[in-house]
Amino acid sequence: MTTTIALVTGANKGIGFETARQLGARGATVLAGARDETRGRQAEKALRDGGAEARFVPLDVTDAKSAQAAADWIDREYGRLDILVNNAAIAVGGGAPSQTDLDAMREVYETNVFGVIAVTNAMLPLLRRAPAARIVNVSSEVGSITATTDPASPLGQMPASLAYPSSKSALNMITAMYAKELRDTPVKVNAANPGYTATDLNRHSGFRSAAEGAEASVYLATLGPDGPSGLLWGHLWTADGPAGAYGPLPW
Ligand SMILES: NC(=O)c1ccc[n+]([C@@H]2O[C@H](COP(=O)([O-])OP(=O)(O)OC[C@H]3O[C@@H](n4cnc5c(N)ncnc54)[C@H](OP(=O)(O)O)[C@@H]3O)[C@@H](O)[C@H]2O)c1
């Protein structure tokens with residue numbers, strides 16, 4: 001049987017590390033993308049110590065040359081890519097929309113939006129060579145315009161801010177557009193909602209573990225041939241709903 005080759009960006013910690021760990025536990029060769037070599041090598045070692053076949057790949061998603069160098073290396077080593085998890089993101093520049101710092105907003109978009117496009121386009125030739133590739137864009141329920149404008153939703157109760165939530169709304173449309181372009185191919189493209197997860201991104205204020213946060217990405221990365229494409233799918237956070245429910249979310 002051929003091994004599944006999976007690249008996870010921002011795999012050195014948080015939900016990305018857990019996604020790499022869980023894909024490795026399912027037998028995939030996990031390519032752990034990280035922008036910092038020391039952190040990347042530490043993650044590679046931790047994944048290998050846990051029994052995964054893991055390799056560190058230098059990858060700063062804001063640097064198109066870095067994305068292309070990673071793609072060239074994967075091409076030389078494996079000749080194809082079965083799974084791409086666009087997980088890397090930052091959350092800076094919160095605060096009321098009227099107080100938005102445009103430099104912080106640009107920084108967020110460089111990573112969370114333009115970085116995803118750069119990495120996806122660098123990897124697409126390799127993904128097209130795989131028999132049934134899966135692309136997972138790690139998005140968020142805070143990018144759901146439907147939930148944000150619903151006062152009955154816990155998301156509707158969150159303070160208003162622009163940079164991070166709107167970057168995820170953009171990522172949702174980007175997901176839908178790649179799914180549309182690739183509709184007649186075996187490649188499936190979906191957006192994952194990890195749920196509110198305790199990581200460095202939110203100073204560990206989330207109520208889900210990183211292992212739980214990775215579940216939506218792993219599910220979408222391992223969809224069978226009948227699985228959906230062009231969905232936002234993952235943890236469902238409702239005012240009175242069950243705590244651990246999963247399913248499609250409204251855009
Ligand atoms: N935590 C939540 O509640 C939550 C909820 C919904 C969605 N998400 C999404 O889940 C994903 C993972 O977030 P997390 O909570 O695990 O955050 P995290 O612990 O802060 O991890 C973010 C990862 O992204 C990497 N990264 C940032 N900028 C990068 C760049 N330019 N190039 C390469 N890697 C870069 C970080 O690397 P460094 O260590 O080098 O900084 C780190 O590995 C993100 O897409 C986030 O938006 C999180």
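Note that this is a predicted model, so its numbers are computed, not measured.
Side chains of V8 and L31 form no contact here, defined as non-hydrogen atoms less than 4.5 Å apart. A heavy-atom distance below 4.5 Å is found between the side chains of W251 and L232. Contact of the W233 side chain with the L220 side chain is registered, since non-hydrogen atoms from C-beta on lie closer than 4.5 Å. Counting only heavy atoms from C-beta outward, the side chains of I174 and I117 approach each other to under 4.5 Å. Looking at V142 and T148, their side chains never come closer than 4.5 Å, going by heavy atoms from C-beta outward.
Screening V136, V218, N137 for a side-chain contact (heavy atoms from CB on, under 4.5 Å) with V85, the sole residue that qualifies is V136. For the salt bridge (charged side-chain N to carboxylate O under 4.0 Å, His left out) criterion with E37, the lone passing option out of R39, R35, R41 is R41. Each of N86, N190, N193, N172 was scored for a side chain to side chain donor-acceptor pair (under 3.5 Å) with S139, with one residue passing: N172.
Counting all heavy atoms, side chain and backbone alike, Q68 lies closest to A122 at OE1-CB, 3.8 Å.
L81 is connected to L59 through a chain of hydrophobic side-chain contacts under 4.5 Å among Ile, Leu, Val, Met, Phe, Trp and Tyr, so both are in one cluster. Y219 is not connected to L7 by any chain of hydrophobic side-chain contacts under 4.5 Å among Ile, Leu, Val, Met, Phe, Trp and Tyr, and they are in different clusters.
Pairs passing the salt bridge (Lys or Arg N to Asp or Glu O under 4.0 Å) check and including a residue from residues 88-112, sequence neighbours excluded, read D103-R106. Evaluation of the ring-ring contact (aromatic ring centres under 6.0 Å, His included) test over residues 46-105, restricted to residues two or more places apart or in two chains, returns none.
Residues satisfying the side-chain hydrogen bond (donor to acceptor under 3.5 Å, both in side chains) test with E53, not counting sequence neighbours, are none.
Electrostatic pairing of R134 and D82 does not count as a salt bridge here, judged by no charged N lying under 4.0 Å from a carboxylate O. A salt bridge is defined here as a Lys NZ or Arg NE, NH1 or NH2 lying under 4.0 Å from an Asp or Glu carboxylate O, and D72 with R76 fails to meet this definition.
K188 places no side-chain N or O within 3.5 Å of a backbone atom of L223 that could act as its donor or acceptor partner.
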